[in-house]
There are 2 protein chains.
Amino acid sequence: MSQHRHPGAPGSAGAVPALPDLPEATVARLPEYLRALHNLADAGHETVSSEGLSAAAGVNSAKLRKDLSHLGSYGTRGVGYDVALLIEQIEYVLGLTQRRAVALVGVGNLGHALAGYDGFASRGFRIAALLDADPSRVGEEINGLVVRHVDELPAVAVEESIAIGVIATPAAAAQRVADQLVAVGVTSILNFAPCVLSVPEGVDVRKVDLAIELQILSFHEHRKASLTALPATGGSALTALPGGLAATDTQEAIGT
Amino acid sequence: MSQHRHPGAPGSAGAVPALPDLPEATVARLPEYLRALHNLADAGHETVSSEGLSAAAGVNSAKLRKDLSHLGSYGTRGVGYDVALLIEQIEYVLGLTQRRAVALVGVGNLGHALAGYDGFASRGFRIAALLDADPSRVGEEINGLVVRHVDELPAVAVEESIAIGVIATPAAAAQRVADQLVAVGVTSILNFAPCVLSVPEGVDVRKVDLAIELQILSFHEHRKASLTALPATGGSALTALPGGLAATDTQEAIGT
DNA sequence: CGCGATTTGTGCACGTCTTCACAAGCGCCT
DNA sequence: AGGCGCTTGTGAAGACGTGCACAAATCGCG
């Protein structure tokens, strides 16, 4: 089994071996492992232990081992994981052996930044098209790509074999764009617009909402503030008593 | 309990009543509910049922009710939730009654976009400072704010009462910036750099990695492709290792 | 050749999150 | 006033994810 056959000549069409169905939580962590592994490879490491890799990826080592075990991974007991092999494995499972083409719709503030973000190119993707509904933006060149009108999507999808659509439009336009993407056969969408998209079964949508992230942080911030104001007795989840609590400056180390 | 005490005159300093400790999963959904509620309010709705709100927020209605019940919410059986009241409740719990000041470090490609993103301002935050380590960027004005050098952070933190730090630097600089933020007392960080930050206990970090989102989509795309290629019989999740797979067409049966 | 040091892979128990299903509560209509 | 339909809030069951702890496997060394 030490036979080390590397996965995919990307080559031709759909005949791909089936994938194990991984737990979603695992899938969400694999990219992080992959990044950490690339760092290790660049630093010259040939093998890495679960302990080392998990530290680099910011997770628990047991979790890491279980995750890797799900993809039938090849670690060596007493030694660790072969960095290069593991990179191959994960890239294969994530479908990164082919460089997928991404269409970015909405070249406003955020869209501009995304179009110029080199993290996509360096991590398995190719921004293949920029689209916008605003005629005054059409024709603009960003990072070597010319912005085209969103109505050209059908043509673009075919020309470039678009696999993933990224929506960076205002919320009001997002659903319409999503429909257009679905109509041309895109089944994976990354949505930056602050709204819920409805799409047919079989289409995957992931949402990134920057304000939501801040609001979650705000909650914890609020919570920490309300805790440090208190004398910290036994830990019962106290339910919002408007009561006394005065002190403002007595903040001290929070309990573990 | 029908007593309806509404939360916060934002007014003065830190004396805030303690918060119930909500499940993380719930906290992560509250902002979405809030956004949906604002939409409903703008559309003139005064009340909304759990069914209606859950649809607008893209979740299951039972989940929504349980989430709201955690914050001791005030719905009326047979009627639904009072939109305005619920907005107040959620904003209070999330700590949005005060407009928190955000410091954005790293005014490159992405940082520029974030600095210009009006979703922050409209949803409870104030970008109070732009910082960068590159002297050639210092002094630039973006959206009415002048970029200052990151070494001025201590002064800025005090002047603006920074509550949250956003890191939009290259990965190599991120840890250093995080340390600086922590040093000036920031306990909530939103990290856009593709790397793991280590911070002391009590500091919250949330990470947004755009490439990771795409990679997760890529997995599902890959998976869908490998499924459609097959005649779909019932079966075990076979373990797809690159190992043997000589034959390209003998693949059979993936599970549902 | 065998032994000990090391590290993976995993069974198991625990906690968290989700979902169903239904009793309790509320308003409206008669 | 009483009953009916609608909607919330929640108990309980199940699915899912996590982390411990240890057996199994491998390497290196004497």
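All chains are named by letter (A, B, ...) in the order of the sequence lines, taking the proteins before the strands, and each is independently numbered beginning at 1.
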Take atom [atom1] of [X] and atom [atom2] of [N], then tell me their distance rounded to the nearest Å.
X: B:E24; N: C:dG15; atom1: CD; atom2: C1'; answer: 15 Å
X: B:K63; N: C:dC20; atom1: NZ; atom2: P; answer: 11 Å
X: B:L64; N: C:dC20; atom1: CG; atom2: P; answer: 14 Å
X: A:L22; N: D:dG17; atom1: CG; atom2: C1'; answer: 14 Å
X: A:L30; N: D:dG17; atom1: CG; atom2: P; answer: 13 Å
X: B:D82; N: C:dG27; atom1: CG; atom2: P; answer: 13 Å

Which is it for B:R100 and B:S188 under the side chain to side chain contact (heavy atoms under 4.5 Å, CB included) test, yes or no, and what are the steps along the way? CA-CA 11 Å; B:R100 291 175 196 273; B:S188 294; over 6 Å; no
Check whether any side-chain nitrogen or oxygen of A:N60 sits under 4.0 Å from OP1 or OP2 of D:dT18, and answer yes or no.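 No, outside the criterion.
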Its contact letters, B for base, S for sugar-phosphate only and - for none at protein heavy atoms under 4.0 Å, make nucleotides 5-15 of chain D read -BBBBBBB---
Do other residues, nucleotides or ligands put more than 12 heavy atoms under 6.0 Å from the CZ atom of B:R176? no
Residue pairs fulfilling side chain to side chain donor-acceptor pair (under 3.5 Å) with at least one residue in residues 39-50 of chain B, sequence neighbours excluded: B:S50-B:R65
Taking only Lys NZ, Arg NE, NH1 and NH2, and the carboxylate oxygens of Asp or Glu, determine whether A:R35 and A:E32 approach each other closer than 4.0 Å. yes
A:D204 with B:R223: basic N within carboxylate O range, under 4.0 Å: no
Knowing that exactly one of A:L64, A:N60, A:D67 qualifies, which makes a side-chain contact (heavy atoms from CB on, under 4.5 Å) with A:S54? A:L64
